[in-house]
S.K.: 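I am attaching a structure below and will ask some questions about it afterwards.
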Amino acid sequence: MKSGIKIAPKKNNKKKNKGKEVAVAVQQETPQINKSYEIVDEYDIIPRVVSIEIAWNKDTMETLYIVHEPEITEAELQEVKVISKNMEQIVRSSNNLPTDFSVKDIEQIIDSYMNSKRTKIPKTSIDKYKYYIQRDYEGFGPLDPIIRDQFVEDISCNGIGIPIFIEHKRHGPLRTNILFASEKDLDSYVIRLAQLCGKEISMNDPIMDGTFPQGHRIQITYGNEISTKGSSFTFRLFRETPFTPVEIVKYGAATAEIVTYLWFAVENLKSGIIAGVPGVGKTSTLNAMMMFIPPNTKVFSIEETREINIMHENWVATSTRESVYNQGNLSGHNAPIGMFELVRMAMRQRPTYILLGEIRGRESYSLFQAISTGHTAYSTIHADSMDTLVNRLESTPLNIPRVLISSLNFVIFNKFVKIGNRMVRKITEIDEVIGVDSETREILYNKVYSFDFNMNTQIYSGYSRILKEIQQSRRMSDEEFKEEFERRKKLVELMVDANIVDYANLTRIVNIYYKDPAFALRMAGSG
């Protein structure tokens, strides 16, 4: 791991690129190390090959995200281009190079090519060449290290000569040391990104929304007619492993007590909505909560773009379909399948839990009807208070009557909170819906948890209708239920202390807890 910030060599972007070459169009501008910079975090992306440094600039009061890749000289860069071009000629069966390479082992091709060369290449250079060629033909090119980073949630490119910006789980929004220096390089890159999504983008059709095979989402604008600073794009990265309750506590979004409350709510079929502004972690909270779904129960999820990821075996994951051209269809297109149709389909399959990616259209009415008839459902919505939430649900196009809104059990509010110089995600409020006032017709609710901005902590109000109902349904005394709550809370705290963030291990401990609480506590590290 590097101990300081080093200056990366500048790439010569003035030279003409001929043929299909390794993408080296991204210029890295790494600041010189001096007393103004302090390394606040560092970790590897590829051990001994690619690393990340988070550096705090005391003068500008800015935190930087610095990517360190193997340093490459201009002579080595030119040789990488030659190797790439020669490899293309060797494996070419069509003009579509990415397709050719996708069915072959690039490392084997590189090794074969290197062994066939008369001039021996130093091993250090061979490893470096392999990295850059694989990065560009198997990965996402210059942004591959960032996309590999498990702590990065969003990546934004705003145009030519503007640094790439990211949203980091630990450090919030950061400027990187990477930028696209020329219009040609940026345009070529976004065209390739579109192709990786199985789509095309051009001046005639300059806006594209796509999903990569890995689940990442992207929105692209091509050229400078729509985006005046040149082509732009925004990545929304998809985690292969779901966000867990332990991570929610670990990163400060919630306390072990709140996680325990959510455990009881999910296990006992209480329906809820997670509300907040875009990017505040609503879906991450939803994924973490769903880890408490009991094993073998049926789950049905409905989304426009895949984001829900719960690793539950008895789970039907569905997504909408746009109108698709089909020559075999007389109309020329397959009919679109929207969220409304999928909600209706879910009703027929009688799942225990229904997960709707986001409340936004007429399907929401059917979802609330399902809740009112006894189904357990969870979803997300853009709202920052109970008043805003109720107004949003009642307004067009949702048009949910208050009598149906009152069938909801609880609402979680996620917000950005400024801690020092950082904006962090917090669960700032949990409200339990009580009903509708018979005279004023106002939604009645109990604020179970609220956030004290001075103390920077979540505070329990002292009463929860949901917990009281669960206690009564289990015929437990106040003391017995308090003991059970504290035991589960202790289990969560032990898993946080032991850094048990692996979904499989965490799920196994929770499932064992239902049968043998003492053994589960020992597994989590209580001795």
S.K.: Identify whether NZ of Lys or CZ of Arg in Arg425 sits under 6.0 Å from the centre of the six-membered ring of Tyr251 and within 45° of that ring's axis.
M.R.: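 Because its charged atom misses either the 6.0 Å distance or the 45° angle limit, Arg425 does not stack over Tyr251.
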S.K.: Ignoring hydrogens and angles, tell me if any N or O in the side chain of Thr507 forms a donor-acceptor pair with the backbone of Ala504 under 3.5 Å.
M.R.: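 No, because the side chain of Thr507 does not come within donor-acceptor range (under 3.5 Å) of the backbone of Ala504.
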S.K.: I need the single residue from Asp149, Asn177, Thr176 that forms a side chain to side chain donor-acceptor pair (under 3.5 Å) with Tyr65. Which is it?
M.R.: Asp149
S.K.: Has Asn296 got more than 12 heavy atoms of other residues, nucleotides or ligands less than 6.0 Å from its CG?
M.R.: no
S.K.: Would Phe519 and Ile509 count as a side chain to side chain contact (heavy atoms under 4.5 Å, CB included) here? Give the steps.
M.R.: CA-CA 9 Å; Phe519 183 56; Ile509 292 173; over 6 Å; no
S.K.: Return yes if some donor-acceptor pair links the side-chain N/O of His216 with the main-chain N/O of Phe238 below 3.5 Å, else return no.
M.R.: yes
S.K.: For the backbone of Leu356 and the side chain of Ser379, can you confirm whether one donor and one acceptor N or O come within less than 3.5 Å of each other?
M.R.: yes
S.K.: Quick one: does any side-chain atom of Ser372 pair with a main-chain N or O of Gln369 as donor and acceptor, under 3.5 Å?
M.R.: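 Confirmed, Ser372 side chain pairs with Gln369 backbone.
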S.K.: Any carboxylate oxygen within less than 4.0 angstrom of a Lys/Arg side-chain nitrogen, looking at Glu493 and Arg488?
M.R.: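 Judged by the 4.0 Å cut-off on N to carboxylate O distance, Glu493 and Arg488 do not form a salt bridge.
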S.K.: Using a strict cut-off of less than 4.0 Å between a Lys/Arg side-chain nitrogen and an Asp/Glu carboxylate oxygen, indicate whether Glu480 and Arg474 qualify as a salt bridge.
M.R.: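 Salt bridge flag = no for Arg474 with Glu480.
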S.K.: Between the side chain of Tyr353 and the main-chain N/O of Val266, is any donor-acceptor distance below 3.5 Å?
M.R.: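 Here the side-chain-to-backbone pair exists.
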S.K.: When you check the side-chain N and O atoms of Thr244 and Glu247, is any donor under 3.5 Å from an acceptor?
M.R.: yes
S.K.: Crowded around Glu313 CD? As in, over 12 foreign heavy atoms under 6.0 Å?
M.R.: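 No, CD of Glu313 has 12 or fewer neighbouring heavy atoms, counting only those of other groups under 6.0 Å.
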S.K.: How about Phe481 and Phe264: are their ring centroids closer than 6.0 Å?
M.R.: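 Aromatic pair counts; centres sit under 6.0 Å.
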S.K.: Please tell me whether Glu53 and His68 have a donor and an acceptor in their side chains that are separated by less than 3.5 angstrom.
M.R.: yes
S.K.: Is the shortest heavy-atom distance from the side chain of Ile273 to the side chain of Ile412 under 4.5 Å?
M.R.: no
S.K.: Assess whether a salt bridge exists between Arg236 and Asp154, defined as any Lys/Arg side-chain N lying under 4.0 Å from an Asp/Glu carboxylate O.
M.R.: yes
S.K.: Are Phe212 and Phe235, when compared by the centres of their aromatic rings, separated by less than 6.0 Å?
M.R.: yes
S.K.: How about Glu200: does its CD atom have over 12 heavy atoms from other parts shown lying under 6.0 Å from it?
M.R.: no
S.K.: Where do Val390 and Ile443 come nearest, in terms of heavy atoms and distance?
M.R.: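 Scanning both residues completely, I find the closest heavy atoms to be CG2-CG1, 3.9 Å.
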S.K.: What I'd like to find out is whether the side chain of Val492 reaches to under 4.5 Å of the side chain of Leu494, using heavy atoms alone.
M.R.: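 In short, these two side chains do not touch, never coming nearer than 4.5 Å.
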S.K.: Output the distance between atom OH (Tyr514) and atom CD (Glu267), rounded to the nearest 0.5 Å.
M.R.: 4.0 Å
S.K.: Starting from the C-alpha separation in whole Å, work towards a yes-or-no answer on salt bridge (charged side-chain N to carboxylate O under 4.0 Å, His left out) for Arg148 and Asp144.
M.R.: CA-CA 6 Å; Arg148 285 172 175 259; Asp144 196 61; 2.8 Å; yes
S.K.: What pairs of donor and acceptor atoms, side-chain ones from residues 339-349 against any protein atom, are under 3.5 angstrom apart with sequence neighbours left out?
M.R.:
| unit_1 | atom_1 | unit_2 | atom_2 | d |
| --- | --- | --- | --- | --- |
| Glu341 | OE1 | Gly338 | N | 3.0 |
| Glu341 | OE2 | Arg362 | NH2 | 3.4 |
| Gln349 | OE1 | Lys298 | NZ | 3.2 |

S.K.: Would a 4.5 Å heavy-atom cut-off, applied to side chains only, mark Ile166 and Ile146 as touching?
M.R.: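 Result yes, sub-4.5 Å side-chain heavy-atom pair found.
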S.K.: Output yes when a side-chain donor or acceptor of Thr211 lies under 3.5 Å from a complementary backbone atom of Arg217, and no otherwise.
M.R.: no
S.K.: Under 4.5 Å between any side-chain heavy atoms of Ser461 and Tyr449, yes or no?
M.R.: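 No; the side chains remain at least 4.5 Å from each other.
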S.K.: Could you give me the CA-CA distance, side-chain angles and deciding distance for Lys482 and Ser477, then say whether side chain to side chain contact (heavy atoms under 4.5 Å, CB included) is met?
M.R.: CA-CA 8 Å; Lys482 181 180 179 181; Ser477 66; over 6 Å; no
S.K.: With the side chain counted from C-beta on, respond yes when Lys250 and Ile248 share a heavy-atom pair under 4.5 Å apart, and no when they do not.
M.R.: no
S.K.: With side chains defined as the heavy atoms from C-beta onward, is the minimum distance between Phe368 and Ile359 less than 4.5 Å?
M.R.: yes
S.K.: Do Ile302 and Leu355 come close enough that some side-chain heavy atom pair is under 4.5 Å?
M.R.: no
S.K.: Can we call the ring centroids of Tyr43 and Phe151 under 6.0 Å apart?
M.R.: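 Centroid separation for Tyr43 and Phe151: below 6.0 Å.
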S.K.: Can you check side chain to side chain contact (heavy atoms under 4.5 Å, CB included) on His382 and Arg392, steps first, answer last?
M.R.: CA-CA 9 Å; His382 292 162; Arg392 177 91 193 277; 3.6 Å; yes
S.K.: Partners of Lys468 by salt bridge (charged side-chain N to carboxylate O under 4.0 Å, His left out), sequence neighbours excluded?
M.R.: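 So Lys468 forms a salt bridge (charged side-chain N to carboxylate O under 4.0 Å, His left out) with Asp478.
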S.K.: Quick one about Asn505 and Arg508 (side-chain donor to acceptor, distance below 3.5 Å, no hydrogens or angles considered), yes or no?
M.R.: yes
S.K.: Does a side-chain N-to-carboxylate-O contact under 4.0 Å join Arg487 and Glu483?
M.R.: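 Salt bridge flag = yes for Glu483 with Arg487.
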S.K.: So, using salt bridge (charged side-chain N to carboxylate O under 4.0 Å, His left out) as the criterion, who are the partners of Asp516 when residues are at least two apart?
M.R.: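 Salt bridge (charged side-chain N to carboxylate O under 4.0 Å, His left out) check on Asp516 returns nothing, list empty.
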S.K.: Can you tell whether the side chains of Lys270 and Glu432 come within less than 4.0 Å, N to carboxylate O?
M.R.: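 No salt bridge links Lys270 with Glu432.
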S.K.: Which heavy-atom pair separates Ile220 from Phe233 by the least distance, and what is that distance?
M.R.: CG1-CB, 3.9 Å
S.K.: Looking at Phe485 versus Trp263, is the centre-to-centre ring distance below 6.0 Å?
M.R.: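 Centroid distance Phe485-Trp263: not below 6.0 Å, so no.
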S.K.: Using a 3.5 Å distance criterion without hydrogens, assess whether the side chain of Asn287 forms a donor-acceptor pair with backbone atoms of Asn309.
M.R.: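 The answer is yes, because a donor-acceptor pair under 3.5 Å joins these two groups.
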S.K.: Write down the atom of Ser464, the atom of Val448, and the distance for their closest heavy-atom approach.
M.R.: CB-CG1, 4.0 Å
S.K.: Donor-acceptor pair, Tyr189 side chain versus Pro142 backbone, under 3.5 Å?
M.R.: no
S.K.: Which heavy atom of Met289 sits nearest to which heavy atom of Phe410, and what is that distance?
M.R.: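 Nearest pair, atom of Met289 first, then Phe410: CE-CZ, 3.9 Å.
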S.K.: Leu143 versus Ile164: any side-chain heavy-atom pair under 4.5 Å?
M.R.: yes
S.K.: Can Glu469 and Arg465 be counted as an ion pair, charged N to O under 4.0 angstrom?
M.R.: yes
S.K.: Where do Thr320 and Glu303 land on the side chain to side chain contact (heavy atoms under 4.5 Å, CB included) test, with the steps shown first?
M.R.: CA-CA 6 Å; Thr320 59; Glu303 300 177 273; over 6 Å; no
S.K.: Thinking salt bridges, do Arg48 and Asp44 make one under a 4.0 Å N-O criterion?
M.R.: no
S.K.: Quick one: do the Thr428 and Asn414 side chains pair a donor with an acceptor below 3.5 Å?
M.R.: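 No donor-acceptor contact under 3.5 Å links the two side chains.
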S.K.: Please check: side-chain N/O of Gln458 versus main-chain N/O of Ile427, any donor-acceptor pairing under 3.5 Å?
M.R.: yes
S.K.: Ignoring hydrogens and geometry beyond distance, is a side-chain donor-acceptor pair present between Ser271 and Thr376 at under 3.5 Å?
M.R.: no
S.K.: Determine, for Glu358 against Lys282, whether the closest basic-nitrogen to carboxylate-oxygen distance falls under 4.0 angstrom.
M.R.: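 Salt bridge between Glu358 and Lys282, a charged N being under 4.0 Å from a carboxylate O: no.
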S.K.: Indicate yes or no for a side-chain donor-acceptor contact from Lys426 to the backbone of Gly252 under 3.5 Å, with no hydrogens or angles considered.
M.R.: yes
